[in-house]
Peer 1: 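Before I ask anything, here is the structure I am working with.
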Amino acid sequence: MALRNADVAELIERLGDLYELDGAVVYRVLAYRRAARRIAEATEPVERLSVEGRLTDLPDVGATIAAKVEELRTTGTLASLERLQAKYPPGLVDVMRLPGVGAKTARRLFDLAGISSVEELREAAESGRIRELPRLSERTEQKLLAAIAAGAEPREREVLLDRAVERAAGLLAHLRAHPACVAADEAGSLRRRRETVGDLDLIAASDEPAALLAAFAELGRADDADVTAQGDSKATIVGHDGIQVDLRVVPPAAYGNLLQHFTGSKEHNVALREVAAARGLRVSEWGVEEVESGEVFRSEDEAAVYERLGYAWIPPELRENRGELEAARDGRLPRLVEVADLRGDLHAHSTASDGKATVAQMAAAARERGYGYLAITDHSAGVGMGIGLDAGQIREHAANIREHAAGLADEGFALLAGVEVDILADATLDLPDDVLAGLDWVVASVHGARGQTREQITARLVAAARHPHVDVIGHPTGRMLGRRDAYDVDLEAVIAACAEHGTFLEINSNPNRLDLKPTHARMALDAGVRLLINTDAHRTTTLRLIEYGVAQARRAWATADDILNTRTWAELSGLRKPGRPPGPRLVG
DNA sequence: GCCGTTTTCGGCCCGACTGTTTTCAGTCG
């Protein structure tokens, strides 16, 4: 049975949790968590790394953890995990995960009151038994009950990126309008453009932090939010929707330091500060202090902070401690793809299937964005629910698109007659070859029969990648963030097939999808597969969501050259499989 | 448990806030 990176990472993570409950020194626990993260992010299967004895090539994975993965691979179990799981009930880890509760508190609840699950904790708190315990009060009891109640509600703990961006923009507008506010910006995972955001981190510069923090808290209360912390430089509100927003404030002179500090990630900052500490520098949100002299460097400008530490400015999307610090030190940072580099969109729908705008409206919106081409790729019938088009309808639709295209070609715009053809359960495509051969652009995607086995799903995607008329695989993993997981697929096999047959892979900009995720996108690029960034737009306004796909590509270290639709249609078309039609003949 | 431009042993980022306390531990990011 295949050993998946995500599963191995989860087990190593759990082992870390249990060691923490067991009272291990924090650095040991930290080591397990770091290793788990490296394994989850590895761009090669750890099973292969284990077989070839290369596990310790991964940073933060040493001989001990490599041996544990080896044990897992050869025996299917982990003796140390079994031992600890026998010692601590599984529910105790859930108790440890409650906000405000950590390993120490969870362990004390277990040792002193025999509490081994969230449910038992709730019962004990309700019957007033928690306040009897040393160092725990009635107030704590109430907070625990509130935390349990919040956790029991089926609300999203992670917010999708587009929603986080909008929410932050609203709050920032309020903050910037405040007289005590000199500057305010987004920070944290939001600024790094992670696909989901756990809580919103905002930062501000002010000479009167108390006034600004009070205004922020007031803003929260007006919106029915709880103010869960409010100090001299920081406040936290938790909205009725469960979204937590942190605001940190420093004097304007240290705003660049704060921006650096609070953009993170934690791993990036820890690595940066470790290197700095070895050079006698202490880095915090208040400045860079030379410990020996006591001299403190502050700047309003984030780039100056990086420069003081010996680095080029690092794009926030790269700040995950995946080699960006070394690259910034040595001047090897890539020039990442930008929204302005994109010249067209090759996955969009119209009213012919489930889109909300006509072909003409979609084409006009693409031209307004300054694009040189747009592919109309309506669904084939296999998508179901009467949405898609059969072979005859597709031919008719293509003829209709080409009528529009003829006029636009005179103005140098390529409107492509395409399709998003379903990859059916039996691994065939939903339209005959002769129909596909006659279309300018073919996206092939899986929509139905998502519950098939890994072997079946992989076989479908590999067959589509091999197909001579398929240009690109659309949303390759089929995930819908917060709603459903990716289908079970051996993406490495799909990537290998794409590399061999010259099929492209799509980064889908829809904030619900955003597949490929960065590790997979990087895996594809390393295998020599070219990527496209498409919106899969169903209306004119969603063409702008390209920014989220670009952010996702940037997180994979992608340059403009790595992304096919930074090229003109003529250039791009020449890079397709042999025999694919050239599309409309442009004039001028 | 991991790691090495001081090191194969002895370090391991840094600060804010809360709660129950009179100086700090626990949690969080």
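The sequence lines fix the lettering, A, B, ..., with proteins before strands; numbering per chain opens at 1. Reckoned from all heavy atoms, side chains included, excluding hydrogens, waters and symmetry mates.
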Peer 1: Just N and O in the side chain of A/Arg28: are any of them under 4.0 Å from OP1 or OP2 of B/dG1?
Peer 2: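 Yes, within the criterion.
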Peer 1: Which part of the nucleic acid does A/Thr236 contact within heavy-atom distance under 4.0 Å: base, sugar-phosphate only, or nothing?
Peer 2: nothing
Peer 1: Testing the 3.5 Å rule here: is there a donor-acceptor pair between the side chains of A/Asp22 and A/Tyr88?
Peer 2: yes
Peer 1: Return the 5'-most residue of the pair A/Glu141, A/Arg282 with respect to DNA chain B, ranking by each residue's nearest nucleotide.
Peer 2: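 Whichever sits nearer the 5' end wins; that is A/Arg282.
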Peer 1: A/Asn269 near the nucleic acid: base, sugar-phosphate alone, or nothing, with a heavy-atom cut-off under 4.0 Å?
Peer 2: nothing
Peer 1: Which nucleotide in the set B/dC14, B/dG19, B/dA16 lies at the smallest distance from any side-chain heavy atom of A/Thr140?
Peer 2: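 Nearest to the side chain of A/Thr140 among the choices is B/dG19.
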Peer 1: Quick check on DNA chain B: between A/Asp232 and A/Ala106, whose nearest nucleotide comes earlier from the 5' end?
Peer 2: A/Asp232
Peer 1: Regarding A/Ala278, tell me which of base, sugar-phosphate or nothing describes its non-hydrogen contacts under 4.0 Å with the strands shown.
Peer 2: base
Peer 1: Between A/Glu13 and A/Tyr32, is any side-chain donor less than 3.5 angstrom from a side-chain acceptor?
Peer 2: no
Peer 1: Using the P atoms only, state how far B/dT27 lies from B/dT21, rounded to an integer number of Å.
Peer 2: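 The answer is 16 Å between these two P atoms.
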Peer 1: Is A/Val101 touching bases, backbone alone, or none of the nucleic acid, heavy atoms closer than 4.0 Å?
Peer 2: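 Sugar-phosphate, no base atom in range.
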Peer 1: Compute whether any side-chain donor of one residue and acceptor of the other, for A/Ser50 and A/Glu47, lie under 3.5 angstrom apart.
Peer 2: no
Peer 1: Looking only at the side chains, is there a donor atom on one of A/Asn508 and A/Asn510 sitting less than 3.5 Å from an acceptor on the other?
Peer 2: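 The criterion, which ignores hydrogens and geometry beyond distance, is not satisfied for A/Asn510 and A/Asn508.
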Peer 1: Whole angstroms only, please: what is the CZ-C1' distance between A/Arg108 and B/dT27?
Peer 2: 14 Å
Peer 1: Ignoring backbone atoms, establish whether A/Thr64 has a side-chain N or O less than 4.0 Å from OP1 or OP2 of B/dC2.
Peer 2: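 Yes, within the criterion.
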Peer 1: So, using salt bridge (Lys or Arg N to Asp or Glu O under 4.0 Å) as the criterion, who are the partners of A/Glu71 when residues are at least two apart?
Peer 2: none
Peer 1: For a side-chain contact (heavy atoms from CB on, under 4.5 Å) with A/Lys517, tell me which candidate from A/Arg522, A/Arg479, A/Glu41 qualifies.
Peer 2: A/Arg479
Peer 1: Give one of base, sugar-phosphate or nothing for A/Tyr19, where a contact means two heavy atoms less than 4.0 Å apart.
Peer 2: nothing
Peer 1: Quick one: is A/Lys266 getting a side-chain N or O under 4.0 Å of the B/dC13 phosphate, OP1 or OP2?
Peer 2: no
Peer 1: Could you tell me the separation between the CD atom of A/Gln142 and the C1' atom of B/dG19, rounded to a whole number of Å?
Peer 2: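 A/Gln142 atom CD is separated from B/dG19 atom C1' by 15 Å.
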Peer 1: When you compare the side chains of A/Arg335 and A/Thr559, does any donor N or O come within less than 3.5 Å of an acceptor on the partner?
Peer 2: no
Peer 1: As a test of reading the structure: which of B/dC13, B/dC17, B/dG29 is closest to the side chain of A/Arg273, going by heavy atoms?
Peer 2: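 Nearest to the side-chain atoms of A/Arg273, counting from C-beta on, is B/dC13.
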Peer 1: Write down the distance separating the P atoms in B/dC9 and B/dC14, rounded off to the nearest Å.
Peer 2: 25 Å
Peer 1: Out of B/dG19, B/dC17, B/dA16, which has the shortest distance to the side chain of A/Arg139?
Peer 2: B/dG19
Peer 1: Rounded to whole angstrom, note down the C1' distance from B/dC2 over to B/dC13.
Peer 2: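 Nearest-Å result for B/dC2 against B/dC13 at atom C1': 16 Å.
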Peer 1: Please check the phosphate of B/dG1 (OP1 and OP2 only) for any side-chain N or O of A/Tyr27 closer than 4.0 Å.
Peer 2: no
Peer 1: Nearest to the side chain of A/Ala229, which nucleotide is it out of B/dC17, B/dC14, B/dG26?
Peer 2: B/dC17
Peer 1: Atom CG of A/Leu136 to atom P of B/dG26: distance rounded to whole Å?
Peer 2: 12 Å
Peer 1: Nearest to the side chain of A/Arg135 - B/dG15, B/dC17, B/dA25?
Peer 2: B/dA25
Peer 1: Could you work out the separation of B/dC12 and B/dT6 based on their P atoms and round it to a whole Å?
Peer 2: 15 Å
Peer 1: For A/Asp185 and A/Arg176, run salt bridge (charged side-chain N to carboxylate O under 4.0 Å, His left out): C-alpha distance rounded to whole Å, both residues' side-chain angles, the deciding distance at 0.1 Å, then the answer.
Peer 2: CA-CA 9 Å; A/Asp185 285 285; A/Arg176 286 171 181 148; 3.5 Å; yes
Peer 1: B/dG15 phosphate, OP1 or OP2: any side-chain N/O from A/Ser233 under 4.0 angstrom?
Peer 2: no
Peer 1: A/Leu281 CG to B/dG15 P: how many Å, rounded?
Peer 2: 13 Å
Peer 1: Describe the nucleic acid contact of A/Arg279 in one word from base, sugar-phosphate, nothing, applying a heavy-atom distance below 4.0 Å.
Peer 2: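 Contact class for A/Arg279: none.
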Peer 1: How close or far is atom C1' of B/dC28 from atom CD of A/Glu285, stated in whole angstroms?
Peer 2: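 For the pair A/Glu285 CD and B/dC28 C1', the rounded distance is 13 Å.
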Peer 1: Taking pairing as Watson-Crick or G-U wobble with both contacts under 3.5 Å, can you name the mate of B/dT8, or confirm there isn't one?
Peer 2: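 Its partner is none (no Watson-Crick or G-U wobble pair with both distances under 3.5 Å).
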Peer 1: Round to a whole Å and report the spacing from CD of A/Glu20 to P of B/dG26.
Peer 2: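 Going from A/Glu20 (CD) to B/dG26 (P), I get 11 Å.
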Peer 1: Could you work out which one of B/dC13, B/dG15, B/dT27 sits closest to the side chain of A/Glu274?
Peer 2: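 That would be B/dC13.
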Peer 1: For A/Leu30, answer base if it contacts any base atom (sugar-phosphate contacts may also be present), sugar-phosphate if it contacts only those atoms, and nothing otherwise; contact means non-hydrogen atoms under 4.0 Å.
Peer 2: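 Here A/Leu30 touches no strand at all.
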Peer 1: If we take the P atom in both B/dA16 and B/dG11, what is their distance in whole Å?
Peer 2: 26 Å
Peer 1: Could you tell me whether the phosphate oxygens of B/dA16, OP1 or OP2, come under 4.0 Å of any side-chain nitrogen or oxygen in A/Trp286?
Peer 2: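 For B/dA16, OP1 or OP2 has a side-chain N or O of A/Trp286 closer than 4.0 Å.
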Peer 1: How far does the C1' atom of B/dT18 sit from the matching atom of B/dT8, given to the nearest Å?
Peer 2: 41 Å
Peer 1: Looking at B/dG1, B/dC14, B/dT27, which one has an atom nearest to any side-chain atom of A/Thr105?
Peer 2: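 It is B/dT27.
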Peer 1: Rounded to whole Å, please give me the gap between CG in A/Leu202 and P in B/dG29.
Peer 2: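 Distance check: A/Leu202 CG to B/dG29 P gives 15 Å.
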Peer 1: Taking the side chain of A/Ile65 as its heavy atoms from C-beta onward, which of B/dG29, B/dA16, B/dC2 lies nearest to it?
Peer 2: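 Comparing B/dG29, B/dA16, B/dC2 against the side chain of A/Ile65, the answer is B/dC2.
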Peer 1: When you get a sec, tell me which of B/dG1, B/dG15, B/dG26 is the closest nucleotide to the side chain of A/Tyr32?
Peer 2: B/dG1
Peer 1: Scan A/Val283 against the nucleic acid and name what it touches under 4.0 Å (heavy atoms): base, sugar-phosphate only, or nothing.
Peer 2: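 If one applies the 4.0 Å heavy-atom cut-off, A/Val283 turns out to touch the sugar-phosphate alone, with no base involved.
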Peer 1: Within the 4.0 Å heavy-atom criterion, would you say A/Lys104 contacts the bases, only the backbone, or no part of the nucleic acid?
Peer 2: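 Counting heavy atoms under 4.0 Å across all strands, the contact made by A/Lys104 is with sugar-phosphate only.
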Peer 1: Side chains of A/Glu320 and A/His268: is there a donor and an acceptor less than 3.5 Å apart?
Peer 2: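 The criterion, which ignores hydrogens and geometry beyond distance, is not satisfied for A/His268 and A/Glu320.
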Peer 1: Would you mind reading off the distance between A/Glu267 atom CD and B/dC14 atom C1', rounded to a whole angstrom?
Peer 2: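 Roughly 15 Å, once rounded to whole Å.
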